[in-house]
Asker: 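Here's a structure for you.
Values below: every heavy atom of this structure, side chains too, minus hydrogens, waters and symmetry copies. Atoms within each ligand, like the ligands themselves, are counted from 1 in listed order.
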Amino acid sequence: MSFVSHVECTICGARHDAGRLLTVCEKCGQMLAVRYDLERVKAAVTKDALRRRGAGMYRLRELTPLDDDEEPVTLGEGGTPLLELPRLAAHLGVRKLWAKDEGQNPTGSFKARGLGMAITRSRTLGARGFVIPSAGNAGGAAAVYAARCGLPCVVIVPRGTPPAAVAEAQIAGAHVFTIEGSIATAGRVVAKAAPALGWFDLSTLKEPYRLEGKKTIGLELAEQLDWRMPDVLLYPTGGGTGLVGIPKGYEELRAMGWLSGPLPRFFAVQAEGCAPVVKALAEGAENTAAWENPTTHAAGLRVPSPFAGRQMLRLLRDTRGGALAVSEKAIQEAQRLVARTEGIWTAPESAALVAALLLMKEGGEVGRDLEIMLIFTGTGLKYAPPPLDPSTDLAGTEEQVLLQVRRSVTGA
Ligand SMILES: *Cc1c(COP(=O)(O)O)cnc(C)c1O
Ligand SMILES: [Zn+2]
């Protein structure tokens with residue numbers, strides 16, 4: 001038995017039986033979300049009891065869709081550190097700046113949470129294989145968790161996907177295919193291939209379980225900030241699982257009385273070469289429109305037509321947040337800045353947040369006194385390294401070598 005009451009459509013509200021393997025709303029085709037009996041959760045666990053539990057994504061198990069005796073397919077995802085960034089904050093001129101470092105997850109990105117949960121739950125409900133379109137990290141994570149439970153997986157990625165993520169899927173034994181185009185093209189193949197193979201379609205937010213994994217970022221953030229919320233939260237937005245999932249976690253805790261006050265102002269950050277959410281928000285649109293010729297080296301942001309466009313826009317408006325697009329050059333510079341000031345080699349997607357924060361500061365959009373949260377979604381290690389300075393080659397006698405080092409370091 002779990003604490004789930006039902007599964008609900010986020011648009012038309014139709015109720016679905018949580019005991020069946022679900023995809024999208026059977027009435028209107030939109031995104032589903034798991035709902036809990038929060039009064040029962042509240043009666044079953046206290047903040048004190050939580051403190052004595054082990055770290056990780058299943059720490060607050062009552063707010064996951066798992067049955068009592070359900071063994072998660074796990075590699076130790078979640079429980080990532082919340083890092084204060086004082087040197088970067090000083091550089092940017094903000095008072096409090098934090099990063100949730102999701103690069104420390106298995107597979108090097110927060111996709112481990114979503115796919116770990118989705119594969120756990122869908123397998124219990126009968127899935128016998130998986131098919132997923134991906135810009136990189138999601139495919140790698142799906143392949144890894146499928147391997148972990150011995151089920152087959154098909155991964156379809158656009159050409160030009162970062163090789164480490166493709167290799168990750170291949171070495172885990174997935175059937176990996178590349179295709180010309182973007183994740184949207186891959187998604188169209190998956191929509192046909194999944195039913196043809198009889199395997200479960202893990203496309204972003206086209207099933208309700210991945211969101212429950214991503215939601216655990218919000219649950220952890222609340223606890224790590226001692227049951228407060230930041231003023232502003234920046235999220236690198238592709239399909240938007242975190243942008244929908246993190247506030248879902250916050251709202252559930254708020255309904256339990258564990259958190260109070262308004263949600264943070266949520267900001268979606270995208271790349272100039274693929275910014276459908278930024279465009280739709282600026283135009284006051286209800287939904288995103290497909291972005292033509294999406295390009296960016298931040299692969300996770302190359303999502304031209306996110307399925308949950310409406311839900312993201314609603315959240316950004318409801319929290320009086322916003323959306324910003326940043327350039328490729330600004331992303332690269334921000335990536336170096338974060339590494340130089342705080343020692344974190346973060347993924348280009350999350351570096352984009354720092355580039356956006358620079359823009360917001362310049363535009364006077366964030367005051368000095370705000371507490372700002374960045375979601376560092378992945379590690380930089382999984383991407384082609386940025387262009388580097390040539391390293392100095394040492395040669396000659398020991399004395400000559402020493403002189404070379406000293407001159408190069410001190411300039412004298
Ligand atoms: C997938 C991904 C994103 C985008 O996440 P969405 O939930 O699709 O918005 C951002 N950063 C990294 C590193 C990713 O892998
Ligand atoms: Zn519906």
Side-chain angles (χ1 to χ4, degrees), residues 7-16 22-33 80 99-105 107-115 118 132-142 157 161-162 164-165 168 182-184 187 202-206 208 210-211 213-215 217-218 234-246 248 266-271 274-277 288 296-312 315-316 323 331 335 345-353 374-383:
V7 175
E8 187 178 72
C9 176
T10 55
I11 298 296
C12 80
R15 287 173 77 103
H16 295 65
L22 295 168
T23 55
V24 294
C25 176
E26 282 159 7
K27 279 229 176 86
C28 75
Q30 291 288 326
M31 188 199 129
L32 295 175
T80 56
K100 179 77 166 149
D101 190 10
E102 290 292 300
Q104 297 194 39
N105 273 300
T107 77
S109 95
F110 73 153
K111 293 293 196 302
R113 294 184 193 257
L115 276 311
I132 188 168
S134 170
N137 285 327
V157 296
T161 295
E168 180 179 44
S182 72
I183 190 173
L202 287 170
S203 297
T204 309
L205 299 177
K206 291 190 176 169
R210 196 202 292 203
L211 186 66
K214 291 294 177 78
K215 177 187 88 179
I217 299 174
L234 274 67
Y235 181 81
T237 304
T241 54
L243 208 51
V244 181
I246 294 169
K248 182 175 192 288
F266 279 83
F267 286 83
V269 177
Q270 301 200 296
C274 182
V277 175
T288 50
T296 170
H297 78 288
L301 305 186
R302 204 158 80 89
V303 181
S305 37
F307 180 57
R310 289 162 197 266
Q311 289 84 351
M312 286 191 266
L315 183 267
L316 297 174
I331 292 174
Q335 196 180 24
W345 186 3
T346 199
E349 291 88 340
S350 19
L353 302 181
L374 308 175
I375 309 298
F376 279 5
T377 43
T379 172
L381 285 167
K382 283 183 82 177
Y383 299 74

Asker: Near Y383, which atoms of ligand 1 are under 4.0 Å from a heavy atom of that residue?
Answerer: 13 (C)
Asker: Can you tell me, to 10 degrees, how wide the angle at the Zn ion (ligand 2) is between SG on C9 and SG on C12?
Answerer: 110°
Asker: Hey, does the side chain of K100 reach the backbone of T80 with a donor-acceptor pair shorter than 3.5 angstrom?
Answerer: yes
Asker: Between R210 (side chain only) and L202 (backbone N and O only), is there a donor and an acceptor less than 3.5 Å apart?
Answerer: yes
Asker: Please answer whether the main-chain N or O of G378 pairs with a side-chain N or O of T346 as donor and acceptor at a distance below 3.5 Å.
Answerer: yes
Asker: Report, in ascending order of atom number, the atoms of ligand 1 lying under 4.0 Å from any heavy atom of T237.
Answerer: 9 (O)
Asker: Among Q335, H297, E349, find the one that has a side chain to side chain donor-acceptor pair (under 3.5 Å) with Y383.
Answerer: E349
Asker: Hey, is ligand 1 close enough to G238 that some N/O pair sits below 3.5 Å?
Answerer: yes
Asker: Would you say A138 touches ligand 1, if touching means a heavy atom closer than 4.0 Å?
Answerer: no
Asker: So which protein heavy atom does atom 1 (C) of ligand 1 come closest to, and at what separation?
Answerer: K111 NZ, 1.3 Å
Asker: What are the atoms of ligand 1, with element, lying closer than 4.0 Å to any heavy atom of T241?
Answerer: 6 (P), 7 (O), 9 (O)
Asker: Keeping S134 on the side-chain end and G139 on the backbone end, is there a donor-acceptor pair under 3.5 Å?
Answerer: yes
Asker: If you compare all heavy atoms of I331 against all heavy atoms of P348, which two are closest, and at what distance to 0.1 Å?
Answerer: CG2-O, 3.3 Å
Asker: Using a 4.0 Å cut-off to any heavy atom of G239, which atoms of ligand 1 qualify?
Answerer: 6 (P), 8 (O), 9 (O)
Asker: Looking only at distances, please establish whether an N/O atom of ligand 1 is found under 3.5 Å from an N/O atom of F110.
Answerer: no
Asker: Below 3.5 angstrom, do we get any N/O pair linking T377 and ligand 1?
Answerer: yes
Asker: So if I count the atoms of ligand 1 from 1 in the order they appear, which ones are less than 4.0 Å from some heavy atom of N137?
Answerer: 13 (C), 14 (C), 15 (O)
Asker: Check whether any side-chain heavy atom of T288 lies under 4.5 Å from a side-chain heavy atom of P304, and answer yes or no.
Answerer: no
Asker: Determine whether a donor-acceptor pair (N or O, by modelled atom type, separation under 3.5 Å) exists between the side chain of Q311 and the backbone of T10.
Answerer: no
